[in-house]
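A quick write-up on the structure given underneath.
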Amino acid sequence: MAHWTVLAQFGYGEQYRSEEAARFEGTPEEARARLYELACTHRPRPGLRQKRRDVYRIGDGDAYCTNIEGLVSTFRVVYRLAELVWSSDPVPPPWQ
């Protein structure tokens with residue numbers, strides 16, 4: 001099975017960052033389903049009180065743009081699916 005990660009990219013103004021939202025094994029179909037699930041449920045900031053969430057598919061479903069309206073501000077997060085294609089580590093880290 002392939003190894004996958006979901007990257008969450010978000011920020012304000014000129015400062016954007018990327019962090020790993022999930023890491024797992026699965027088929028491409030399972031990975032896309034997990035990506036969609038995270039785009040609909042993941043909280044980019046602990047304690048975020050969501051009032052509304054809009055999820056937009058980008059391209060063929062390997063990325064989603066999510067607008068999360070909170071009590072005070074709106075977060076825009078791009079979730080991207082990435083497949084591990086090479087690693088210098090002979091024993092890969094545990095996958096969830």
Side-chain angles (χ1 to χ4, degrees):
M1 277 203 205
H3 296 259
W4 303 91
T5 187
V6 173
L7 299 174
Q9 299 173 311
F10 56 95
Y12 295 100
E14 298 293 318
Q15 297 182 356
Y16 276 79
R17 65 186 224 191
S18 295
E19 62 184 45
E20 192 174 68
R23 180 185 289 204
F24 53 92
E25 288 183 330
T27 66
E29 294 79 18
E30 292 169 336
R32 285 188 183 102
R34 182 81 182 268
L35 171 66
Y36 176 71
E37 174 188 335
L38 284 165
C40 292
T41 62
H42 180 259
R43 288 185 180 193
R45 191 183 92 196
L48 174 65
R49 295 183 151 207
Q50 174 182 305
K51 288 182 6 183
R52 177 187 169 112
R53 181 182 292 239
D54 296 318
V55 179
Y56 299 90
R57 184 177 59 230
I58 300 172
D60 293 334
D62 288 343
Y64 288 91
C65 177
T66 304
N67 291 327
I68 305 167
E69 185 180 324
L71 293 175
V72 178
S73 61
T74 299
F75 289 86
R76 288 175 181 83
V77 185
V78 174
Y79 294 95
R80 295 185 181 277
L81 185 61
E83 180 181 5
L84 177 67
V85 294
W86 184 84
S87 174
S88 63
D89 190 356
V91 180
W95 295 85
Q96 303 169 2

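By convention here, the first residue in the shown sequence is residue 1.
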Testing the basics here: between [X] and [Y], what is the closest heavy-atom pair and its distance to 0.1 Å?
X	Y	result
Leu35	Gly61	CD2-O, 3.4 Å
Arg53	Thr41	NH1-N, 3.6 Å
Ala39	Val55	O-CG2, 3.6 Å
Gly70	Leu48	CA-CD1, 4.4 Å
Trp4	Glu25	CD1-C, 4.3 Å
Gln9	Ser18	CG-OG, 3.1 Å

* To do: List for me each residue that meets side-chain contact (heavy atoms from CB on, under 4.5 Å) alongside Arg17, sequence neighbours excluded, and say none if there are none.
  =>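 For Arg17, the residues satisfying side-chain contact (heavy atoms from CB on, under 4.5 Å) (neighbours in sequence not counted) are Phe10, Glu19.
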
Side-chain heavy atoms of Val6 within contact of Glu20, under 4.5 Å: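 The answer is no; the side chains never approach within 4.5 Å.
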
Rounded to the nearest 0.5 Å, how far does [atom2] of [Y] lie from [atom1] of [X]?
X	Y	atom1	atom2	value
Ile68	His42	CD1	NE2	8.5 Å
Cys65	Tyr79	SG	OH	10.0 Å
Thr5	Arg34	OG1	CZ	10.0 Å
Leu38	Leu81	CG	CG	10.0 Å

**Asked** Would you say the side-chain atoms of Thr74 and Glu69 include a donor-acceptor pair closer than 3.5 Å?
**Response**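 Thr74 vs Glu69: no donor-acceptor pair found between side chains.
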
| Is Phe75 atom CZ crowded by more than 12 heavy atoms from other residues, nucleotides or ligands, each under 6.0 Å away? |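 Above 12, so yes.
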
- Task: Any chance you could lay out the side chain to side chain contact (heavy atoms under 4.5 Å, CB included) test for Tyr64 and Tyr36, step after step, and finish with the verdict?
- Result: CA-CA 7 Å; Tyr64 288 91; Tyr36 176 71; 3.7 Å; yes

Q) Rest of the hydrophobic cluster containing Val78 (Ile/Leu/Val/Met/Phe/Trp/Tyr, side-chain heavy atoms under 4.5 Å)? A)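 Besides Val78, the hydrophobic cluster comprises Ile58, listed by chain and residue number.
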
Under 4.0 Å between a Lys/Arg side-chain N and an Asp/Glu carboxylate O for Arg80 and Asp62?
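No.
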
